[in-house]
Amino acid sequence: MATVTFREERCKGCELCISVCPEKIIVLAEHYNAMGFHPATVVEMDKCKACAICARMCPDVVIEVVKEEKQD
Amino acid sequence: MATVTFREERCKGCELCISVCPEKIIVLAEHYNAMGFHPATVVEMDKCKACAICARMCPDVVIEVVKEEKQD
Amino acid sequence: MSKVLMKGNEAIGEGAIRAGCRHFFGYPITPQSELPHYLAKRMPEVGGVFLQAESETSSINMVYGAAGAGFRTMTSSSSPGLSLMQEGISYLVGAELPCVVVNVMRGGPGLGNIAPAQGDYFQAVKGGGHGDYKLVVLAPASVQEIIDMMQVAFDLADQYRTPVMLVGDGILGQMMEPVELADEVTLPEVPAKPWAASGLKGRKKPNIVNSLYIVPEDCEELNQRLFAKYDVIAAQETRWEEYRLEDAEIVLTGFGTAARIAKSVVDKARSEGIKAGLIRPITLWPFPSEVYAKAAAHANKFLCVEMSMGQMVEDVRLAVNGKKPVHFYGRSGGMVPLAKDVLAEVKKLMAGGE
Amino acid sequence: MSKVLMKGNEAIGEGAIRAGCRHFFGYPITPQSELPHYLAKRMPEVGGVFLQAESETSSINMVYGAAGAGFRTMTSSSSPGLSLMQEGISYLVGAELPCVVVNVMRGGPGLGNIAPAQGDYFQAVKGGGHGDYKLVVLAPASVQEIIDMMQVAFDLADQYRTPVMLVGDGILGQMMEPVELADEVTLPEVPAKPWAASGLKGRKKPNIVNSLYIVPEDCEELNQRLFAKYDVIAAQETRWEEYRLEDAEIVLTGFGTAARIAKSVVDKARSEGIKAGLIRPITLWPFPSEVYAKAAAHANKFLCVEMSMGQMVEDVRLAVNGKKPVHFYGRSGGMVPLAKDVLAEVKKLMAGGE
Amino acid sequence: MAKVIFKRPDSLTDKQFHYCPGCTHGIIHRLVAEVIDEMGLQDDTVGVCPVGCSVFAYDYFNVDMFQASHGRAPAVATGIKRCLPERTVFTYQGDGDLASIGTAEIVHAAARSEKITTIFVNNAVYGMTGGQMAPTTLPGQKTTTSPRGREKELNGLPVRVSEMLATLDGAVYVARVSVHDPKHIVQAKKAIRKAFEIQKAGLGFALVEVLSTCPTNWGLSPKESIKWLAENMIPYYPLGVFKEPAEVK
Amino acid sequence: MAKVIFKRPDSLTDKQFHYCPGCTHGIIHRLVAEVIDEMGLQDDTVGVCPVGCSVFAYDYFNVDMFQASHGRAPAVATGIKRCLPERTVFTYQGDGDLASIGTAEIVHAAARSEKITTIFVNNAVYGMTGGQMAPTTLPGQKTTTSPRGREKELNGLPVRVSEMLATLDGAVYVARVSVHDPKHIVQAKKAIRKAFEIQKAGLGFALVEVLSTCPTNWGLSPKESIKWLAENMIPYYPLGVFKEPAEVK
Amino acid sequence: MLQEVLIAGFGGQGVLSTGQLLAYAGMIENKQVAWIPSYGPEMRGGTANCGITISDEPISSPLVTEPTTLIVMNRPSLDKFEKSVVPGGLILINSSLVDQKVTRQDLQVLEIPANRIAEELGNTKVANNIILGVLIELTGIVSLEAVVESLKKVLPARRHNLIPVNQQALEKGMQLAKEFKNKQ
Amino acid sequence: MLQEVLIAGFGGQGVLSTGQLLAYAGMIENKQVAWIPSYGPEMRGGTANCGITISDEPISSPLVTEPTTLIVMNRPSLDKFEKSVVPGGLILINSSLVDQKVTRQDLQVLEIPANRIAEELGNTKVANNIILGVLIELTGIVSLEAVVESLKKVLPARRHNLIPVNQQALEKGMQLAKEFKNKQ
Ligand SMILES: Cc1ncc(C[n+]2csc(CCOP(=O)(O)OP(=O)(O)O)c2C)c(N)n1
Ligand SMILES: Cc1ncc(C[n+]2csc(CCOP(=O)(O)OP(=O)(O)O)c2C)c(N)n1
Ligand code: SF4
Ligand code: SF4
Ligand code: SF4
Ligand code: SF4
Ligand code: SF4
Ligand code: SF4
Ligand SMILES: [Mg+2]
Ligand SMILES: [Mg+2]
């Protein structure tokens, strides 16, 4: 299980994360953030592979990726 | 017959002409010119081949070379 | 004539074109970049050259080349860029080359900011470069005046073989105001430049553009020739505006944007019964010293308003020469004086406060 | 103490080393090149760095780096080189960095020549760079004073976090004079520089060396802070020499080499019965205005002697403020006033001539 | 157990970047900060940033910083490094800054083999001042000072900085990378790391040229900008290592 | 009939050079003047000479001349050429001038492909100001500012200007020649001629680097200087053509 | 009469050209006018704003530091400029883009869903002119005729076909303003 | 007492160091001294000269524009400086290198074949000190002892073996001067 967190108030809606996510699970939200942008968000978190490609691409360091490792 | 003329008052006695003359016929004169240098001069003009190598080497454009062409 | 709304920076460019300038060399810097943008478009339309230089140092040296070749030419920048041009300006003076240099001043020192300021007055009028020299320094206060003054700038430059500086600030450069533009442009006549180094083309004696005077006697002679010229310029070309000055008890003064504000304060003060007047130097050098000396006869006080920590005020003091007190009100670092604050200062002074 | 014969340019270098300066950045130019030559040899001996920069623009920016890192550092040049440093100097001021900048002035404007001159006075004291600022400007008049003053220069720079300029001319730089040198050098204590950007090394908050104040309010605050500092400097650090001034009817004044000449004229004039005296500003900024104002009480006239077309004379006039006439005698472009000519001028003035 | 796969590096402060949406300056900042973190240099580093869109970099890098005048960062860095030879000193410069007004400074820092690291952000335009032509602007590219597109006759041809500096014996590491997609971002980071390693090894001057976007002044969306970079810039500015010392190969 | 084999070119005035005995600046002056003569350009040419030992070149070249500030001749020449595109414009610059303070100006004149010709006199030292180290000073070479010899750690390694400029697309002709013996003098003249021909053909920027002596500051006799140049400079600064347009090959 | 209008939004929203249109109209009516943009580094892709002064007297400084009217085109602009408006002044908000409310109580505020209305008119580009219509109706700063006349000057010839729809937008705005006045 | 000496010749003839020796000697004698070189571009391999002022009073300007004594080491220097010497002043010429004559009649002139004499002493390098010996004898500007003392300071330690031959040269010069005075 992966958690991708967006610091929504910092997102500029550039869509670069969207364009690189291999799972195509990021979209821009309908609402505006305080800067007046539609912030990015993950729609189907369960599909996320925690590859962090989105985070690496994001110019504004909006994204943090955490993976729940299986506890054996 | 070649004539090599030195504008003696301009010669700085650098000896570069001397070092390149293939006929080794240029020397520094004993006397000083107005600038206080020993000026260069040709000792055996008849040996001169009018090759103008000396003139080409002289940094101060001191030397002029004229050749008397045979009149047939 | 047609009336159009125009940006100050664009007016500098259009004014230059109408003054016959066809060679502009410059480097981008806020708040004057609309001028290069404008000329990048306009110059090719009139067969001229807009060239972006690699730096301000290069711009001013390109101007040196173009001016020395006999062409009307100019460059433009804002404060830090002008600092980089100081060596080149000193060379232009030394070689007596006509050209126009524009400074759309911003907040300093250092990188400072891009807000409007007037902190480069000393640099412009006292000589920021090395050696003894003066520049003719013009200070327009509206977009219309910018357009008109560009012609004056090039004419003076050619007439006296001297660099001319035109100083504005971020407000003058960025604002749009209505201007009247002649529909038909007749290019001004440019004096012959027999001294220009533009290739012999049949001339026998080479022309040399030079500021090296290795023998001190010769260099002193150059200095004296320059200063004799400056005397003529001071006698013939000093320009200023007087406003409600005749009976003024307090004389406000300032240039450019600060003068606009001071002028509105004069009206406000008059409407409150204070006899205020204005002297607005249009040439910062030559400085209109005499009009201050004259005003000192009836005025009790002077108040110099600047967008700096106080620079022109020294020239006002030199002009008034101790006859009356000269006060100062300034904002700096990109701040602009508010009319209401200046008015308050006027009232304070008239009430006898310091 | 040992007495040695030393060149002015070398004395600048030796003085710097004795003041604890270990980082010099410079670019060759006559007539100050013996300073880099000297330091190229000396710096490695004391574990310091002499680095030849690619230009004066780079020198001053290397100084910006070294000063911002917390080190005593300096650069040096002559007139055209100083013009190229104006942007950098304005940045150093804006970032409040302590350093020493030397100008061994030569004839101008332009390339001019390499003979001694004082035509960069305005550039030094009014601010040749953009924006509102002042430099502390020191003007020694002998090789001994150069050595001693280098220590003062670095101390003032550190104490007030300001660039300090030391101005000389070709004569001061090139001449040899006897100097007393302490045999044992104890390096001065340098104040802590907690603001230096030299790596966190355990500190939590990064230090930033900066002159960008994008918000005009902040930039105005910087300006006001600087000028408050300047007020303190003016109150505490103004230096000058008075010579036979008490009863002087004519006050000669000048700085550096011109002051030496003026001083000898004072003696000559006194020996001919003329009550002459001398004011020699040692700090050109802050300018010792008060001593002039005081002298104006007993003196009838002032005569400012300069190796320029007349620059310091404006500050003398501002100081005298119209109380007494201020006259000027100058030679320019690398020419040096002759004592006999200055004396003749004094006599002419005392005879009532202008 | 939660494992953090990706988080903000310590060598960035928590301040928000002021860059335009999609501007890759932000990516490059992050890569530099990550390298500083990973090499344990945060305590040790002094950064120098001149004028350009990244002029506020001192607010973002969580290390001691200098703001430098336009083009002169290499001289400022020289001054710092000559005083503090043990510290890590880097400059972060735009193409207008480094390749135009600052040409002499970068050439001579390289020739002197100053032990500094330069991050050179080439976005083919003057970003901060409103999209003027840079020395790196491509032929035909429209900018505010080349409104008809850059013309060879008027403005000559773009400068390839890496190739030029690689001719200098003093430049020991020179590489060109890009940040237009995740794969290239990984490569870019490797090059940046190498450039810092070379400094720490005392080998001399190292420079990484990073191709970057400027959506605002290119007049393109962030996504279009990425595409434009890949399709137009890379062919003119080939990626690769132009110089590398044997010691680190 | 008397045939003049060698005489002073018309494009030199009759003024005597102020150069030191054996200084090869004089040879280079003469070659430039000969080329101007032979190409019939005397009426047409504007020369630009900045500060350096050749600062008085305006007294020697019998054409219209500019004295320029230190390092900025390429910018001055650009200003002239953009006003007078039909004229022949050349700069004559020393190595301190062109390779140090004037680096940005020469790189950008080349990048813009200004249609000017630059004669670059590399004598590995600042001649005029008293023998300081230049960017071209050889490793180990003693100068007044490298009294222990140029050290790599302190001063880096010499700049090879021709190689560096040849990387620029705008530089269409770049060659390095020498004037240390008559044979090389002939070759040098050919290169200078080519550089002027390229300008006349409107092809772009052309530069000829000429290795030259400075007996005074090298502390050698003129003859020793010639030998030193051949033995020390040429190995570091290989002679040859680095760039040549197909049109003139 | 002295009116100082500040228009603020994102770069690319036509903020600057709308301001120029207004200034032009003032000029046509022979008023004293000045227009000045903000030109901070923030402009790059961030916020953009401009100030327009229209007056019967010569204008001393064109800087609009205390606007009589503020036009808000994005949320950050409201945060930034709300406090600067003169007491009793006017704020016009494009509520299609800004969902936030004005907190000050001493102002006249009008929310105009300009983008939605513009869509109804068939061209989202005319949203600004709807707001401009509101402005001229509420303040009388310039006449409709002058603005329409200005459109001819400001729009390039190839865009003159858009003049009718822009005029419609202006009139729509004026109508909204009238309704608002009636409601009060 | 105010003595202003100008020494002129080619670069490399030891003109500058000879001047320094003289200034040093003056300093040792607690006089006011100043030394200044010409530093024109002409210096490069061309002429070199320096001025030395030795005085009882503080020296205002060290520039020697009107020397009381001129020492001439090459021909161009005579051409250049002959006219600047004060009337009644002294010219010392190294006649081994200068074959030209002084034309002015209002001066004291002494021709010293210094190189030849130096050769006789076994070291051509000491030619300058022969002339210096003449100078100090004729003018009394400084004492022999002071010059010898200065040699120790001016010569690097590894050259101190040359002090005796230099002293010899100075004495030889003084002797020549005495002979000259006797002849007059
Ligand atoms: C001396 C000087 N000249 C000009 C400027 C204006 N200026 C600031 S940044 C800049 C260029 C920025 O372009 P670049 O270096 O490419 O950085 P980018 O913004 O594209 O990242 C210019 C010309 C200045 N600050 N100082
Ligand atoms: C701005 C400026 N800085 C420094 C100088 C001093 N200067 C004159 S010529 C020169 C260097 C000359 O060297 P180079 O260009 O190699 O020419 P060379 O004399 O060797 O032929 C320098 C540093 C100057 N005139 N202007
Ligand atoms: S971590 Fe990978 S899969 Fe998950 S949202 Fe980001 S790019 Fe998509
Ligand atoms: S890349 Fe970053 S800024 Fe851009 S949309 Fe995604 S999260 Fe937002
Ligand atoms: S022309 Fe040839 S042979 Fe004659 S002197 Fe000159 S070099 Fe010698
Ligand atoms: S080369 Fe010329 S200057 Fe040198 S010795 Fe020969 S003639 Fe004289
Ligand atoms: S202007 Fe360009 S480079 Fe600057 S922040 Fe915006 S997108 Fe980035
Ligand atoms: S100093 Fe060197 S370069 Fe200059 S003239 Fe003398 S020998 Fe030639
Ligand atoms: Mg860029
Ligand atoms: Mg050289």
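Naming: A, B, ... by sequence-line order, numbering from 1 per chain.
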What residue, out of C/Asn113, C/Asp120, C/Asp132, has the most heavy-atom pairs lying under 4.5 Å from chain D?
-> C/Asp132
Which bit of D/Val215 comes within less than 4.5 Å of chain C, counting heavy atoms only: side chain, backbone, both or neither?
-> backbone
Where on D/Ala115 is there a heavy atom nearer than 4.5 Å to chain C: the side chain, the backbone, both, or neither?
-> side chain
What part of D/Glu56 is in contact with chain C, defined as an atom under 4.5 angstrom from a non-hydrogen atom: side chain, backbone, both or neither?
-> neither
Among C/Ser211, C/Gly94, C/Gly108, C/Ala124, which residue forms the greatest number of heavy-atom pairs with chain D at distances under 4.5 Å?
-> C/Ser211
Chain C contact via D/Gln224 - side chain, backbone, both or neither, heavy atoms under 4.5 Å = both
Checking C/Glu217 against chain D: side chain, backbone, both or neither under 4.5 Å from a heavy atom?
-> both
Interface moiety of D/Glu314 toward chain C, non-hydrogen atoms closer than 4.5 Å | both
Do D/Tyr133 and D/Tyr230 have ring centres separated by under 6.0 Å?
-> no
With a 4.5 Å cut-off on heavy-atom pairs, point out which of D/Ser79, D/Gly88, D/Ser78 contacts chain C the most.
-> D/Ser79
With a 4.5 angstrom heavy-atom cut-off, could you sort out which part of C/Leu226 is near chain D: side chain, backbone, both or neither?
-> side chain
Do side-chain atoms of C/Gln311 reach the backbone of C/Gly119 as a donor and acceptor pair under 3.5 angstrom?
-> yes
Would a line drawn from the ring center of D/Phe122 to the ring center of C/Phe122 be shorter than 6.0 Å?
-> no
Sorted by first residue and then second, give each salt bridge (Lys or Arg N to Asp or Glu O under 4.0 Å) pair with at least one member in residues 321-334 of chain D; sequence neighbours left out.
-> C/Glu220-D/Arg331
So, D/Phe255 versus D/Tyr121, ring centres under 6.0 angstrom or not?
-> yes
How close do C/Ser59 and C/Tyr27 get, heavy atom to heavy atom, and via which atoms?
-> OG-N, 3.8 Å
Residue part contacting chain C, namely of D/Ile89, when any heavy atom lies under 4.5 Å = neither
Heavy-atom distance under 4.5 Å to chain D: side chain of C/Leu82, backbone, both or neither?
-> neither
Does a side-chain N-to-carboxylate-O contact under 4.0 Å join C/Lys126 and C/Asp315?
-> yes
In terms of heavy-atom proximity below 4.5 Å to chain D, should C/Glu221 be classed as side chain, backbone, both, or neither?
-> neither
Interface residue of largest heavy-atom contact number with chain C, from D/Val93, D/Asp218, D/Leu84, under 4.5 Å = D/Leu84
Taking the side chain from C/Gln86 and the backbone from D/Ser83, do they hold a donor-acceptor pair closer than 3.5 Å?
-> no
Winner by heavy-atom pair count (cut-off under 4.5 Å) against chain C, out of D/Pro116, D/Gly310, D/Ser90 | D/Ser90
Output all residues satisfying side-chain contact (heavy atoms from CB on, under 4.5 Å) with C/Asn210, sequence neighbours left out; order by chain, then residue number.
-> C/Ile208, C/Leu212, F/Tyr58, F/Gln67
